[in-house]
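Input: a single structure, listed below in structure tokens.
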Amino acid sequence: MQVLGDTLATELARAGRAIAVPGAKPIALEHVLLTTQSQLRAAAAGLEKIQPPAKIKARHRRLIKAVREFADELSGVIARLKSGNGAPLTAVIPGLKGLKDMQRASDAITKAGYVIVVPAK
């Protein structure tokens with residue numbers, strides 16, 4: 001789970017930096033979002049293969065659901081980006097339900113004593 005968490009955290013941080021660049025071209029932003037969406041779906045598939053301890057099984061399922069939800073929500077963000085309609089990505093993405101649900105599920109697993117992402121040194 002730590003490997004998946006680290007990989008996904010790195011990708012999300014990279015995507016966050018890319019969308020925050022002033023004047024970034026929509027095609028470049030679309031590529032970043034599509035890559036992130038692909039990484040999210042791969043992470044969800046990887047999480048499915050993990051047998052969590054019974055103590056956190058429900059939290060683990062919520063995390064998988066949230067990761068998929070966030071990936072699906074990015075389709076709408078990409079569509080708005082392509083149409084040129086909508087708020088800046090830096091305003092839209094942090095408010096997505098899937099991202100918030102993913103954070104809550106991750107926090108719940110961490111609070112139960114399991115490490116998802118190893119802090120950078």
Side-chain angles (χ1 to χ4, degrees):
M1 191 167 199
Q2 288 177 6
V3 172
L4 285 171
D6 289 343
T7 301
L8 190 54
T10 300
E11 175 59 31
L12 291 174
R14 186 189 69 75
R17 286 188 303 275
I19 66 169
V21 172
K25 303 237 183 280
I27 193 76
L29 295 173
E30 179 184 356
H31 176 72
V32 167
L33 292 174
L34 287 169
T35 300
T36 300
Q37 190 176 49
S38 176
Q39 291 291 325
L40 286 164
R41 290 186 173 137
L47 287 168
E48 283 282 351
K49 295 176 183 174
I50 294 172
Q51 283 294 340
K55 175 179 168 179
I56 62 164
K57 193 168 193 155
R59 294 174 189 134
H60 183 77
R61 298 291 322 148
R62 282 195 299 271
L63 178 59
I64 294 168
K65 181 180 177 198
V67 170
R68 287 193 171 121
E69 179 182 24
F70 183 37
D72 290 345
E73 288 173 324
L74 288 180
S75 293
V77 173
I78 293 166
R80 282 188 296 221
L81 175 67
K82 289 171 97 172
S83 72
N85 182 16
L89 297 179
T90 53
V92 172
I93 292 174
L96 293 176
K97 183 180 179 302
L99 180 60
K100 291 177 182 179
D101 289 348
M102 200 168 72
Q103 186 62 54
R104 279 191 286 270
S106 295
D107 289 347
I109 292 169
T110 301
K111 193 177 225 179
Y114 295 88
V115 177
I116 294 178
V117 177
V118 179
K121 293 180 181 182

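Numbering starts at 1 and runs along the sequence shown.
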*Is the closest basic N to carboxylate O distance between D72 and R41 below 4.0 Å?*
yes
*Using a cut-off of 6.0 Å, state whether more than 12 heavy atoms not belonging to R61 lie near its atom CZ.*
no
*Do the side chains of R59 and L63 get nearer than 4.5 Å, heavy atoms only?*
no
*L34, L40: one ILVMFWY side-chain cluster at the under-4.5 Å cut-off?*
yes
*Between H60 (side chain) and L47 (backbone), is there a donor-acceptor pair under 3.5 Å?*
yes
*Is any side-chain heavy atom of K82 closer than 4.5 Å to a side-chain heavy atom of P26?*
no
*Is there a side-chain contact between Q39 and T36 (heavy atoms, below 4.5 Å)?*
no
*Per the side-chain contact (heavy atoms from CB on, under 4.5 Å) rule, which among T35, L29, I27 passes with H31?*
T35
*State, yes or no, whether a side-chain contact exists between K55 and Y114 at a heavy-atom distance under 4.5 Å.*
yes
_Do L33 and I93 make a side-chain contact, defined as non-hydrogen atoms from C-beta onward lying under 4.5 Å apart?_
yes
_Tell me whether R104 is salt-bridged to D107, with the criterion being a basic N under 4.0 Å from an acidic carboxylate O._
no
*Taking C-beta and beyond as the side chain, do R62 and I56 meet within less than 4.5 Å on heavy atoms?*
no
*asked:* What I'd like to find out is whether the side chain of L96 reaches to under 4.5 Å of the side chain of D101, using heavy atoms alone.
replied: no
_K97 and E73: CA distance, side-chain angles, deciding distance, salt bridge (Lys or Arg N to Asp or Glu O under 4.0 Å) verdict_ = CA-CA 8 Å; K97 183 180 179 302; E73 288 173 324; over 6 Å; no
*State plainly whether the residues R68 and E48 are in salt-bridge range, i.e. N to O under 4.0 Å.*
yes
*Close side-chain approach of V115 and T110, heavy atoms under 4.5 Å*: no
